Amino acid sequence: MSKFKNFLEALGGAFHLILETIKIGFQRPIYTKLILDQIYHIGVRSLPLVLIVAASSGMVMALQFGYGLAKFGGKLYVPKIVSLSIVREMGPVFACLMLAARVSAGITSEIGSMKVTQQIDAIRALGTSPLKKIVFPRLTACMIAIPMLSAGAIIVGVAGGLMVGSLELGLDTQFYLQKIFTTIKLNDYLSGFGKTFFFAFFIASTSCYYGLTVTGGTQGVGHATTKSVVTSSILIVAGDYFLTKFFLVIEQWL
Amino acid sequence: MAIIEVNNFSKKFGNKIVHKNIEFQVNKGECLGLLGGSGAGKSVILRSLIGLEKPDTGSIKIEGEEIVYKTEKELIEIRKKVAYVFQNGALFDSMNVFDNLAYPLKEHTKLNQQQISDEISKILIEFGLDGNEHIFPSELSGGMQKRVGLARSIIINPHIVLFDEPTAGLDPFNTIKIQETILKLKEKGMTSIFVTHDMPSAFAVCDRLALVQEGKVTCIDTVQNVKKDENNIINQFIKGYYV
């Protein structure tokens, strides 16, 4: 019960931290260089991981569905099923789970180490704000880089499925491409892509919060990093259900 | 004229009462040494003077301005006037020495890049650190880290400097270097508080000494009186009779 209470406290704390950060983040001066640095660290350096995972998951899904559906004569449905599930669910969720592990761990351990070595206190003592200097650049970078990486993951995932479909399952490439374009509608893409902004928010808020609340030296940094990865992953997986419902309702309105 | 005034300062962490009704004043240009056993809460007092900790009750005035109820944003102006020298330097480990020193100049002055470089070159020579601009903190010795930390704190000419054990763990050469720097700052009229266990340094740089015991300031006296009066509480503390 106390663990659940701590979890809820952390969620509240993270949300409050982000509200405070947004309040002062857009006031001058805006540290553009720090934001660009973070986009490089969070975005560019995560690119190989995200693309490899996306390609593999697309390939594996195509393979599994191909052999599974072949038993019922349904191999021709592979392009539709694989591309739709990657665009709406698997692409964004897998990419963000990978990023939750890599980015959350990186941010929390970096901020946590700064906390235990009094560098966060030094930022404050030198008349500057850790929210502006540390949290805002990471939050902004996550909100920009994570959706872009996820968009890339969706494309590469579908391409992975296409590759296995044509090379391994013997499906015609033209046929596969045609099925992708006739199946995937803009709202499918926006539903999957739209979620990634929420996932980016979950990753940035929890990782910064756990980093800034580290206590207990280097061991505390380790604990905080684990908690950060677990919490952001849980938020992504659990939040995905509610976000799917939310986007389905929006699609019905449109 | 008192530049720092602390009245009825109380602070507890959880159920542990660290301070109850701490009171002291520091006059302009004066250096007050804050003594006390390990865990007596000297650093907590120091951190509170710059708003890094909030007291539970009481008042802290810096140059006549109450800081206890100020927000983080309002405290920025206070922190330009009051510098804090951390025990371990607290240098930004992702930045080299030059960038660490440039940090306060970029944030709080309108100097251009050339003027910033000139200021940094000047202070590096003053602190015997010239030639180390491009070295990262992890490659510096403990003494050099402390000197860079001290240089970073005073580079924008604050009115008050708070020293948290600046000579702890240093060899005699570096200790004397730090003492000389503090004495130079005093000559320029800078007010300071010096938390330390290093009595030779305290005697060398402080005008008065205050003893923190069991959450209270039990004695404040001039260095001369402490040295000459065998029965003075601070004198006895230095000799190891009290903790």
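This is a predicted model, so every value here is computed, not measured. Letters go in sequence order (proteins before strands), and every chain restarts at 1.
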Taking atom [atom1] of [X] as the centre, report whether more than 12 heavy atoms of other residues, nucleotides or ligands fall under 6.0 Å from it.
X      : atom1 : answer
B:I17  : CD1   : no
B:K54  : NZ    : yes
A:K132 : NZ    : yes
B:M95  : CE    : yes
A:E20  : CD    : yes
A:Y40  : OH    : no
B:K81  : NZ    : yes
A:F15  : CZ    : no

Legend entry - Option in B:I156, B:L91, B:L75 with maximal non-hydrogen atom pairs under 4.5 Å from chain A: B:L91
Legend entry - Nearest-0.5 Å distance that lies between atom CG in B:D93 and atom CD in A:Q119: 4.0 Å
Inset, instruction - Kindly compute the distance separating CZ (A:R124) from CD (B:E72), expressed to the nearest 0.5 Å. - result: 4.0 Å
Legend entry - Part of A:L131 within contact of chain B (heavy atom distance under 4.5 Å): neither
Legend entry - Side chain, backbone, both or neither of A:K133 within contact of chain B (heavy atoms, under 4.5 Å): side chain
Legend entry - Non-hydrogen atoms of A:A122 and B:A90 that approach each other most closely: CB-O, 3.6 Å
Inset, instruction - Could you pull out the closest heavy-atom pair between A:T117 and B:N88, with the gap in Å? - result: O-ND2, 3.8 Å
Legend entry - Contact residues of residues 23-33 of chain A (partner chain B; heavy-atom separation under 4.5 angstrom): A:Q27, A:Y31
Inset, instruction - Mark yes or no for whether B:H108, through its side chain, and A:L126, through its backbone, hold a donor-acceptor pair below 3.5 Å. - result: yes
Inset, instruction - Please check if the side chain of B:E107 supplies one atom and the backbone of A:T128 the other of a donor-acceptor pair under 3.5 Å. - result: no
Inset, instruction - For the residue pair A:D121 and B:R47, establish whether any side-chain heavy-atom pair is separated by less than 4.5 Å. - result: yes
Legend entry - Atom group of B:I50 that falls short of 4.5 Å from chain A, counting heavy atoms: side chain
Inset, instruction - Answer with side chain, backbone, both or neither: which region of B:F92 has an atom nearer than 4.5 Å to a non-hydrogen atom of chain A? - result: both
